[in-house]
Amino acid sequence: MDMISRLLMLSLFIMLISLAQRKGMVMGVDEDAKALCSVNLAQFLPPPYGGLENMVCQPVWNSFLLRYSQTKDNVVTIVLSTVYTTGWVGMGFSRDGKMINSSCMVGWVNPEGQGKIRQYYVEGLTPSKIKPEKGELPLTSVPPLVYLQGATIYLAFQLKYPNRLKNQPILLAFATKYPHHHHLTVHDDKTTILFDFSSGNSFDVSAGPNDYTSSRKTHGVLGILGWGLFCPFGAIFARYLRNQKSWYYFHVSAQFIGFILGLAGVVLGVQLHNNLQVHIPAHEGIGILVLVLSILQVLAFFLRPDRDSKYRKCWNLYHGWVGRIALFFAAINIVLGMHYAGAGEGWKIGYGFLLGTIMLVCIVLETLLRLKKLDEPTHLPTYPMNSI
């Protein structure tokens, strides 16, 4: 048992350090984003850009920050900001995520301090094929503007669509050289994201949507295997199979495997949160709760009192009920995860079958356990009869 304890403690220590490092990176990104989003645009931008109602603020790429608001009339007001020194900054709307046939809004501040913003239409990949004052963006009568505030440039424009804007491929690019007679110079860097204007979420199309989908599926599989399969069966071993000689080793092994798989799923979830900037408070909060309860269960393994200790009964109650609570919220979180991820019927049917099977097994074994207790003879104390 000493060797098992050491292996458990070493694995837990390594995984927790990795999780803490990744969580620290995410918290740093979130704090920077909150600071940038807290800037009051009304102090230097005129309406409607300076007073956006129900504004969504989201980091999208490098120092690029996208603020937007969408009304019931499908009017989308956009303010794009980023760190700026020289050159131009652009945001394009594409049908398929490619540059060709996309329409872009490009802004810059020339050496004389004059702000310029133009719409461009990309007919080809060479600068001569990027046509100024052309494009298919449905601009409203509100004039677009560009403003330099300190070291940050702001591009603001307003669009009016016939239908509500949802998933939209967005091109982001910048160059350090100024446009020449309104003809753009070659960009220094660019990226393509798929931005969901209905939720404010985005992911990097250049990394490949398959990578995002694969990571999301892996996150779900790890959660289901860890919290939904191994941990419940580990609890079943401890509750109903104590008459077996090796029940304790099965219990510890199943719980340890379930914990490692679940923790790996949490680490991958943190990566998804960091890469996609997706905020799902309910799923994240319950996931953290389940992780904390699971860590307490692992720590309880090392603090288990002896059988003869007067604290053993309290430890048994604590260990049993914390485990039940963790499994209950884990099942809820798996269902929430599938809901938010838009999982297909196969996922729902598969987990429903697994959860139903576990519940049926527990009901049958619990019934047998209680019937066995009823069949056990009750030993009443005997008292000597005094003769009259």
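If you're wondering where the values come from, they're calculated on a predicted model, not measured in any experiment. Position 1 is the first residue of the sequence, and the numbers go up from there.
Results of the side-chain contact (heavy atoms from CB on, under 4.5 Å) test with Val361 over Ile358, Ile363, Val364, Leu365 single out Leu365 as the only residue that passes. Screening Phe256, Tyr240, Phe237 for a ring pair (Phe, Tyr, Trp, His ring centres under 6.0 Å) with Phe250, the sole residue that qualifies is Phe237.
Not a single donor-acceptor pair under 3.5 Å links the side chain of Arg304 to the backbone N or O of Ala300. No donor-acceptor pair under 3.5 Å is formed between the side chain of Gln297 and the backbone N or O of Gly320. Proximity of a side-chain donor or acceptor of Asn62 to a complementary backbone N or O of Phe64 within less than 3.5 Å is not detected. Of the possible donor and acceptor atoms, one in the side chain of Gln70 sits under 3.5 Å from a partner among the backbone N and O of Leu165. Side-chain atoms of His219 come within 3.5 Å of backbone atoms of Gly265 as a donor-acceptor pair (strictly under, hydrogens ignored). Between the side chain of Asp306 and the backbone N or O of Asp308, no donor-acceptor pair lies under 3.5 Å. In this structure, the side chain of Tyr84 does not engage the main chain of Trp108 through any donor-acceptor pair within 3.5 Å. At least one donor-acceptor pair closer than 3.5 Å links the side chain of Arg312 to the backbone N or O of Pro305. With Ser69 contributing its side chain and Met55 its backbone, the two residues share no donor-acceptor pair below 3.5 Å. Checked by atom type and distance alone, the side chain of Gln119 pairs as donor or acceptor with a backbone atom of Leu137 at under 3.5 Å.
Side chains of Leu172 and Ile170 form a contact here, defined as non-hydrogen atoms less than 4.5 Å apart. Counting heavy atoms from C-beta outward, Arg95 and Asn101 have side chains that approach closer than 4.5 Å. Looking only at side-chain heavy atoms (C-beta outward), Met99 and Leu171 come within less than 4.5 Å of each other. Residues Ile117 and Met105 are in side-chain contact: their nearest non-hydrogen atoms beyond the backbone lie under 4.5 Å apart. Side-chain contact between Tyr120 and Ser102 is absent, with no heavy-atom pair separated by less than 4.5 Å. Considering only heavy atoms from C-beta on, Ile334 comes within 4.5 Å of Tyr351 through its side chain. Looking only at side-chain heavy atoms (C-beta outward), Leu369 and Arg239 come within less than 4.5 Å of each other. Residues Phe328 and Arg324 are not in side-chain contact: their nearest non-hydrogen atoms beyond the backbone lie 4.5 Å or more apart.
What you find for Val122 and Gly124 is that their closest heavy atoms are CG1-O, 3.2 Å. Closest of all the heavy-atom pairs between Val186 and Ala175 is O-CB, 3.5 Å. Heavy-atom minimum distance, Val290 versus Ala330: CG2-N, 3.6 Å. A pairwise comparison of heavy atoms in Ala235 and Gln255 identifies N-OE1, 3.9 Å as the closest pair. In terms of heavy atoms, Lys131 sits closest to Ser128 at NZ-O, 3.2 Å. Taking each heavy atom of Leu336 and Ala282 in turn, the nearest pair found is CD1-CB, 4.3 Å.
The hydrophobic cluster containing Tyr121 does not contain Val106, counting ILVMFWY residues as joined when their side-chain heavy atoms lie under 4.5 angstrom apart, directly or transitively. Transitive grouping of hydrophobic side chains (ILVMFWY, heavy atoms separated by less than 4.5 Å) keeps Leu65 and Val83 in distinct clusters. Under the 4.5 Å side-chain contact rule for hydrophobic residues, Tyr311 and Val322 do not share a cluster. Linking Ile, Leu, Val, Met, Phe, Trp and Tyr residues whenever their side-chain heavy atoms come within less than 4.5 Å places Met359 and Ile236 in a single cluster. Under a hydrophobic-cluster definition in which Ile, Leu, Val, Met, Phe, Trp and Tyr are linked whenever side-chain heavy atoms come within less than 4.5 Å, directly or via other members, Val252 and Leu303 are assigned to different clusters.
Note that CH2 of Trp88 is 8.0 Å distant from SG of Cys104, once rounded to the nearest 0.5 Å. Atom NE2 in His283 sits 10.5 Å away from atom CE in Met338 (nearest 0.5 Å). To the nearest 0.5 Å, atoms CG (Leu354) and CD1 (Ile224) are separated by 7.5 Å. To the nearest 0.5 angstrom, Arg118 atom CZ is 15.5 Å from Ile130 atom CD1. Once rounded to the nearest 0.5 Å, the distance linking OG1 of Thr82 with CG of Leu66 reads 11.5 Å. The distance from atom CD1 of Ile288 to atom CG of Leu293, rounded to the nearest 0.5 Å, is 12.0 Å.
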**Item:** Worked check of side chain to side chain contact (heavy atoms under 4.5 Å, CB included) between Tyr68 and Phe195
**Value:** CA-CA 12 Å; Tyr68 75 94; Phe195 194 85; 3.5 Å; yes
**Item:** Steps toward side chain to side chain contact (heavy atoms under 4.5 Å, CB included) verdict (Phe259, Val298)
**Value:** CA-CA 9 Å; Phe259 175 75; Val298 174; 4.0 Å; yes
**Prompt:** Can Lys166 and Phe197 be said to form a side chain to side chain contact (heavy atoms under 4.5 Å, CB included), step by step?
**Reply:** CA-CA 5 Å; Lys166 295 183 180 180; Phe197 281 88; 5.9 Å; no
**Message:** Test side chain to side chain contact (heavy atoms under 4.5 Å, CB included) on Thr86 and Lys177; report intermediate values, then the result.
**Reply:** CA-CA 7 Å; Thr86 59; Lys177 294 182 179 180; over 6 Å; no
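A search for ring pair (Phe, Tyr, Trp, His ring centres under 6.0 Å) contacts involving Trp315 returns His319, not counting sequence neighbours. Qualifying side chain to side chain donor-acceptor pair (under 3.5 Å) partners for Thr176, counting only residues two or more places apart in sequence or in other chains: Asp188.
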Report, one line per pair, each donor and acceptor closer than 3.5 Å where one atom sits in a side chain of residues 142-163; sequence neighbours left out.
unit_1	atom_1	unit_2	atom_2	d
Gln158	OE1	Thr140	OG1	2.9
Gln158	NE2	Thr77	OG1	2.8
Lys160	NZ	Asp73	O	3.1

